[in-house]
2 protein chains.
Amino acid sequence: MTSRARIEHMDDHTGYLIIKVAGMAVPAFERALVPLGLNTRQVRVLGFLHGESLSQAELCARTGLDRTTMVAVLDELEQLGHATRERSKSDRRKHVVRITRNGKAAYAKATKKLLRAQEELLQPLAPAERAQLHTLLSRLFDASQACAPEPAAEAVS
Amino acid sequence: MTSRARIEHMDDHTGYLIIKVAGMAVPAFERALVPLGLNTRQVRVLGFLHGESLSQAELCARTGLDRTTMVAVLDELEQLGHATRERSKSDRRKHVVRITRNGKAAYAKATKKLLRAQEELLQPLAPAERAQLHTLLSRLFDASQACAPEPAAEAVS
DNA sequence: TATTGTTATACTCTATAACTATA
DNA sequence: TATAGTTATAGAGTATAACAATA
């Protein structure tokens with residue numbers, strides 16, 4: 001070869017491809033929630049409240065959000081009428097965070113919107129390929145989680 | 001089942017999985033470059049300068065970076081001795097940005113570090129699966145690019 | 001002394017607009 | 001008038017530390 005090998009842009013690497021596709025997914029999801037007046041972070045938190053009432057610290061542990069950020073998110077959700085805070089009777093330092101009926105309805109709508117956005121994002125792939133992609137990404141994510149086990153968080157009353 | 005359908009966390013959706021895996025990849029790549037005193041943005045810009053000299057505006061078009069951000073990145077690269085700026089003779093408004101010998105060496109090292117980081121990230125997957133993942137992600141990305149065609153940028157002197 | 005939630009602060013990123021010099 | 005590069009500035013987002021209440 002007359003020198004100058006084909007230029008290898010880091011943009012072509014699989015790792016960077018992941019980042020670029022995520023860069024498409026993030027705004028797509030945020031856009032999908034705009035009509036509901038919600039953002040993905042709020043919806044994520046609602047998702048963890050769907051089955052059980054948790055303290056703010058426990059919500060932080062599950063979502064990976066900072067506790068100062070969690071204060072802001074819950075302020076927003078409370079103002080929207082999607083969640084409530086009340087002091088725990090067993091440990092008065094803690095707040096029991098509950099999702100409201102409104103919050104559950106909003107979460108259901110949000111899930112539909114997000115699934116539609118995902119549908120659009122994954123449209124170039126056939127169903128079997130989407131399943132493949134899901135499996136491959138799950139394996140990558142699970143492998144990383146195996147290293148850093150999270151301490152089990154219990155529900156509060 | 002006694003009501004209460006299985007809770008469907010948005011964290012389990014493929015779209016969100018992409019975001020989470022990207023959330024692992026970004027810091028992994030940044031960490032890989034720390035020993036070289038570089039970040040991914042700088043390396044990306046270097047990658048586009050590898051074959052040809054470009055104006056800042058053309059670099060912006062290719063990388064998608066804002067022109068004010070590009071100023072900062074090139075300030076950094078210039079200070080590191082990895083790139084140079086000089087006024088174009090054909091159009092004195094433009095700067096011809098060139099990668100230096102040092103810059104090429106740094107880019108080569110950075111590429112190795114990034115490939116190793118990617119290797120680690122993709123380790124849970126067999127080679128054939130990595131190729132699959134690459135193909136699937138490429139299809140998603142290419143499909144999105146097909147909508148917004150970029151105007152061809154020419155090299156400068 | 002440690003933990004829960006809160007507030008205040010600082011720091012980074014990004015986006016916008018305004019300015020200059022050239023065309 | 002429009003473009004290339006630069007600078008200044010404001011906003012959002014994030015991270016840190018300090019604080020009050022409770023354990």
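Numbered from 1 within each chain, the chains take letters A, B, ... in sequence-line order. Keep in mind that what you see is a predicted model, and the values were worked out from it rather than measured.
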Practice problem: Whole angstrom is fine here: how far is it from CG in Asn39(B) over to P in dT14(C)? | Solution: 10 Å
Practice problem: For Arg92(A) and dA20(D), give me the distance from atom CZ to atom C1', rounded to whole Å. | Solution: 14 Å
Quiz prompt | Glu86(B) CD - dG5(D) P separation (whole Å) | solution = 13 Å
Self-check item: Leu65(A) CG - dG5(C) P separation (whole Å)
Solution: 14 Å
Quiz item: Do you see a donor-acceptor pair shorter than 3.5 Å between the side chains of Thr14(A) and His134(B)?
Solution: yes
Quiz prompt | From Leu49(B) atom CG to Leu59(B) atom CG, the distance as rounded to the nearest 0.5 Å | solution = 5.0 Å
Quiz prompt | Nearest listed nucleotide, side chain of Ser55(A), among dT7(D), dA4(D), dG5(C) | solution = dG5(C)
Practice problem: Output yes when a side-chain donor or acceptor of Glu78(A) lies under 3.5 Å from a complementary backbone atom of Arg85(A), and no otherwise. | Solution: yes
Quiz item: Nearest-Å distance, CD (Glu58(A)) to C1' (dT3(C))?
Solution: 12 Å
Quiz item: In terms of ring plane angle, is the pair His9(B) and Phe48(A) parallel, tilted or perpendicular, where the classes change at 30° and 60°?
Solution: perpendicular
Quiz prompt | Arg44(B) (side chain) donor-acceptor with Thr63(B) (main chain) under 3.5 angstrom | solution = yes
Practice problem: Could you tell me the separation between the CG atom of Asp91(B) and the C1' atom of dT3(D), rounded to a whole number of Å? | Solution: 8 Å
Exercise. May I have the distance from Arg41(B) (atom CZ) to dT12(C) (atom P), rounded to whole angstrom?
Key: 13 Å
Quiz item: Is a side-chain N or O of Thr111(B) found less than 3.5 angstrom from the main chain of Tyr107(B), in a donor-acceptor match?
Solution: yes
Quiz item: Rounded to whole angstroms, how far apart are CZ on Arg87(B) and P on dT3(D)?
Solution: 18 Å
Quiz item: Should Val73(A) and Phe29(A) be regarded as members of a common hydrophobic cluster, given that ILVMFWY residues are connected when their side-chain heavy atoms come within less than 4.5 Å of each other, either directly or indirectly?
Solution: yes
Protein N or O to nucleotides 15-21 of chain C N or O, pairs below 3.5 Å:
none

Quiz item: Side chain of Lys94(B): nearest nucleotide among dA4(D), dT6(C), dA23(D)?
Solution: dA4(D)
Self-check item: Gln56(B) side-chain N/O to dT6(D) phosphate OP1/OP2 under 4.0 Å
Solution: yes
